[in-house]
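Take a look at the structure below.
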Amino acid sequence: MRYSEAFIPTLKEDPAEAEVISHKLMMRAGCIRKLTAGVYTYLPYGLAAIRRVERIVREEMNRAGAIELMMPMVQPADLWRESGRYIKYGPELLRFTDRHERESCLGPTHEEVITDLIRKELHSYRDLPVNLYQIQTKFRDEIRPRFGLMRGREFLMKDGYSFDADDAGAEITYWKMHEAYKRIFSRCGLRFRAVQADSGTIGGNFSHEFMVLAKTGEDTIVACAACEYAANVEKAAIAAPTPAQPGTALCETVETPGKKKVADVCAFLGIEASELVKTMIYLADGKPVAVLVRGDREVELVKVKNMLKAVDIVPATDDEAFAATRMPPGYLGPVGLPIVICADQEVMAMAECVVGANEKNSHLRHVVPGRDFQVDANRIGDLRRVAATDRCPRCGGALEMTEGIEVGHIFKLGTGYSEAMKANFQDADGQERPFVMGCYGIGVSRVVAACIEQNHDEHGMVFPVPLAPYQVIILNLGVQDEKITACAEELYAELQQAGIDVLLDDRDERPGAKFKDADLLGVPFRLTIGKTFLTKGLVELRARRSGESVEVAPESLVTLLCQRIEAAMPE
RNA sequence: CGGGAUGUAGCGCAGUCUGGUAGCGCACCUGAAUGGGGUUCAGGGGGCCGGAGGUUCAAAUCCUCUCAUCCCGACCA
C-alpha cells in the first residue's frame, strides 16, 4: 500500500474521550472512530489488524476440526423464551419489535440459534460430534461501555458451539478447544494465561478464560507460583479452613456507640478485623439475604450468586436492608436475624467472633458460630474473595495476583440448552438424548485492543509481527530525488513480490512527520531511504520494538527481512 | 441505575465566575523557502459556542429543561 493512497488519519494529540492507552493509540493511529457510545467504525488500519486475528482464529479452529458458518444477528424473541433467557439475559439484550409487531432481539451470543439449527438438522449419534463457529458482529447493550474496543456494545466475536453425544465426548471437544485457544493466542504473539473461570450467565459447569496479561485489565486473576493453577478471582477456590475449638465464653452485649465500620469497631474493642464477622445484605433476585464473612475479608458476589443459584444479585441499599431486616444498618449481626443467612466457611470455623447486635450502638462478643446462631449446611461455603495471602488450593504454593484482559472464554455447557429447547438425537440404543454442548468465544476486536495494551511505548503502538497490518514500512525521505525514489519503489515491488505486506510512505512530508507516523503505527520493521543511500548506497533497517538499526545494501534486504519476519513469528 | 465532570472550528483547548456580539495551538487552503525526528515565514478559509425554552436593550456567559460524551461506583452495612 502506498501511504499517499491509504486512508490512515493519524492524530497528533490524544482525543479527550480516550482514557486507556489502547483506546488513545487506536484513535491516534487511525484504527477506529467512534460513532456512538461503545460503537466504532473500524478504519482500514484497524480492520487490517482485526483481519490478522481472524485469519489465525480461522486456521486454528479449522485445524481443530471446527467448521465455519454464519448465523443471523436478528433473532426472534420466541427462541430466547424457549431457552428461558429472554428474561434471564436482562437489559443487555437489545430488544425491538418489527413492523409486524414481532418481538426480536439483536444477538449477543448464539446458543439459541445454533441449538435450533442443530435440533432441526441432526438426529443421529452418527452425525456427532459437530463443532461449528462463526466470526460475526455481536451487540450487547452494556451498562457502561468503556475503553474503546475493550468493552464496546458492538464488537467482533468468534463464537463456536459443539455438540457431542455424551459427556466424555464433550470433554474431549472441550480440551481440543482449550488447545486451539492456546495456539491462537500464542500465534498472535500475546502473553496470556488460561485460567479457571466462573461460567456466568451462559451457565454450565466447566470453564476457562484466556487472559491477556496487561495492567489495564478489568479482571484480576490469581496464579500459583509453584504449579499450573490459575483462576479468575471470581472463581478462585479457597481451601476449607481447619475448624477451631469452639469458644466456651458466653455471648454478651457490648456498647459500641457510633461504631459502624469494621475498622472503628475493631479499634474501639481492641480486636483485629479477623476476629469480627460482618453481615452484608444483598438482594438475590429481589429477595434479601445476609452474607457473613470475616471482617478482614471481601464477599465474592459471584460465589454467593452461584451458591444461591440466583440470576442477579446486588448489594442492598440501607433502606432496602432496613426494610428486609427491621434492624439498624451498621449493627447487623446473624444472631436473631429474620432473613436467609449464608456464611463463608471460614466464619463457621472461628472459635468465636464479634458481630453486630441488631440493636443500635451495640455489638455482641464471644459469639460462637453454630452455637449462638445457625446457618443451613447448604448455605455454608466458600464465599469470600481470594487474597494475596491465601495459598494455592491445589498445591499449597504461594499465589500471585495479576490484572488480565479476557480475550477468550470456553464453557462446557452440558445439556442445559438442549433440554430447554428439546434438542435431541437418537443414540445407538435407540434412546432420545439431549446433545451435550460446549461453547467457545473469542473477542476478536478486543484481542487487538489487548494486544496494544500489552505492546506499546511512549511513541506509539508496537505491533507483534503476526498481528501487524504491515510488517514493513518504507520511508522515502527524498520524494523529490530520483535515485532515492527509484530505490524505494524497487524495494516496495520486491518486498510485495516476496509476499510481505508493506507500506510505502511516498507522501511529500518532512522526515520528522514520517518517523513519527511510522512509530505511531507500530510497524515492526522500518526501512529508511535517504541521505545514507546517496552517500553510501545503504538503507537503514530498524526494528520498532528494540530500536536496533543496521545499514544494509538494498539487494540483500528482501532475504534479510524475510528471515527477520520469519524469526518473529511465534510457533 | 447512583455520583462526578465535560460539551466552543476537524483535533486539543481558553473565554463562562464578573452578560457587550468568539479566540489560541495543531490540522486545512495559497505562495515561497526547507528536506534524517511532527520545519519556517507570509497570506487565507472555516464556528446556530450540543439542543430547546426563559431572563435581558444585549446571552457562549445567568436560569430551567433536555440530549450527548467521559470517569467513578454499583462488595466493607
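Chain letters run A, B, ... following the sequence lines, proteins first and then strands; every chain starts at 1.
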Next item on the list: Would you sort out whether A:E103 and A:R95 count as a salt bridge (Lys or Arg N to Asp or Glu O under 4.0 Å), showing the intermediate values?
Entry: CA-CA 7 Å; A:E103 291 177 78; A:R95 299 147 212 254; over 6 Å; no
Notebook entry, point to check: With sugar-phosphate meaning primed atoms plus P, OP1 and OP2, does A:A513 contact a base, only sugar-phosphate, or nothing at under 4.0 Å between heavy atoms?
Noted result: base
Check: Touch check for A:R28, heavy atoms < 4.0 angstrom, all strands: base, sugar-phosphate only, or nothing?
Finding: base
Checklist line | Spacing of the P atoms in B:rG2 and B:rU39 (rounded, Å) | finding: 48 Å
Check: Under 4.0 angstrom, heavy atoms only, what part of the nucleic acid is A:V299 near: base, sugar-phosphate, or nothing?
Finding: base
Item checked: Watson-Crick or G-U wobble mate for B:rC24, both contacts under 3.5 Å -> B:rG12
Next item on the list: Calculate the interatomic distance between A:K516 atom NZ and B:rC26 atom P; express it in whole Å.
Entry: 16 Å
Notebook entry, point to check: For B:rG7, which nucleotide in any strand shown is its Watson-Crick or wobble partner with both distances under 3.5 Å?
Noted result: B:rC67
Notebook entry, point to check: What interatomic distance, in whole Å, is found between P of B:rG25 and the corresponding atom of B:rG44?
Noted result: 14 Å
Note to self: Work out how far the P atom of B:rG50 is from that of B:rA59, and round it to whole angstrom.
What the structure shows: 15 Å
Check: Is there a Watson-Crick or G-U wobble partner for B:rG2 with both distances under 3.5 Å, and if so, which one is it?
Finding: B:rC72
Check: Do you see a donor-acceptor pair shorter than 3.5 Å between the side chains of A:N476 and A:R507?
Finding: no
Next item on the list: Determine the interatomic distance between C1' on B:rC28 and the same-named atom on B:rG73; round to the nearest Å.
Entry: 42 Å
Next item on the list: Pick base, sugar-phosphate or nothing for A:R526, based on heavy-atom distances below 4.0 Å to the nucleic acid.
Entry: base
Check: Less than 3.5 Å between a donor and an acceptor, one on the side chain of A:E540 and one on the base of B:rG36, is that the case here?
Finding: yes
Checklist line | Polar contact flag, side-chain donor to acceptor under 3.5 angstrom, A:Y331-A:N358 | finding: no
Checklist line | Whole-angstrom distance between B:rA60 and B:rU21, as gauged at atom C1' | finding: 11 Å
Checklist line | B:rU61 and B:rC48, which share atom name P, separated by this distance in whole Å | finding: 16 Å
Notebook entry, point to check: When you check the phosphate oxygens OP1 and OP2 of B:rA77, does a side-chain N or O of A:K261 lie under 4.0 Å from one of them?
Noted result: yes
Next item on the list: With RNA chain B as reference, determine whether A:I529 or A:Y331 sits nearer its 5' end, using the nearest nucleotide of each.
Entry: A:I529
Margin query: Please classify the nucleic acid contact of A:D14 as base, sugar-phosphate, or nothing, using heavy-atom distances under 4.0 Å.
Written below: sugar-phosphate
Margin query: Centroid separation under 6.0 Å, is that true for the rings of A:F463 and A:H456?
Written below: no
Next item on the list: Assess whether atom CD of A:E482 is packed by more than 12 heavy atoms of other residues, nucleotides or ligands within 6.0 Å.
Entry: no
Next item on the list: For the residue pair A:E540 and A:S549, confirm or rule out a side-chain donor-acceptor distance under 3.5 Å.
Entry: yes
Next item on the list: Measure from the side-chain heavy atoms of A:L332 and tell me the nearest of B:rA74, B:rG36, B:rA77.
Entry: B:rA77
Check: Do A:D508 side-chain and B:rG35 base share a donor-acceptor contact under 3.5 Å?
Finding: yes
Note to self: Checking base pairs now: Watson-Crick or wobble, both atom distances under 3.5 Å. What partners B:rC49?
What the structure shows: none
Check: If we take the C1' atom in both B:rG7 and B:rA52, what is their distance in whole Å?
Finding: 16 Å
Checklist line | Among B:rC71, B:rG36, B:rA77, the nucleotide that comes nearest once only the side chain of A:E19 is considered | finding: B:rC71
Item checked: Between B:rA9 and B:rG15 - C1' atom distance, rounded Å -> 15 Å
Margin query: Does A:F533 reach a base, just sugar-phosphate, or nothing at all? Heavy atoms under 4.0 Å.
Written below: nothing
Note to self: Quick check: on RNA chain B, is the nucleotide nearest A:T36 upstream (toward 5') of the one nearest A:I313, or the reverse? Name the residue that is more 5'.
What the structure shows: A:T36
Notebook entry, point to check: NA contact type, A:L475, heavy-atom cut-off 4.0 Å: base, sugar-phosphate, or nothing?
Noted result: nothing
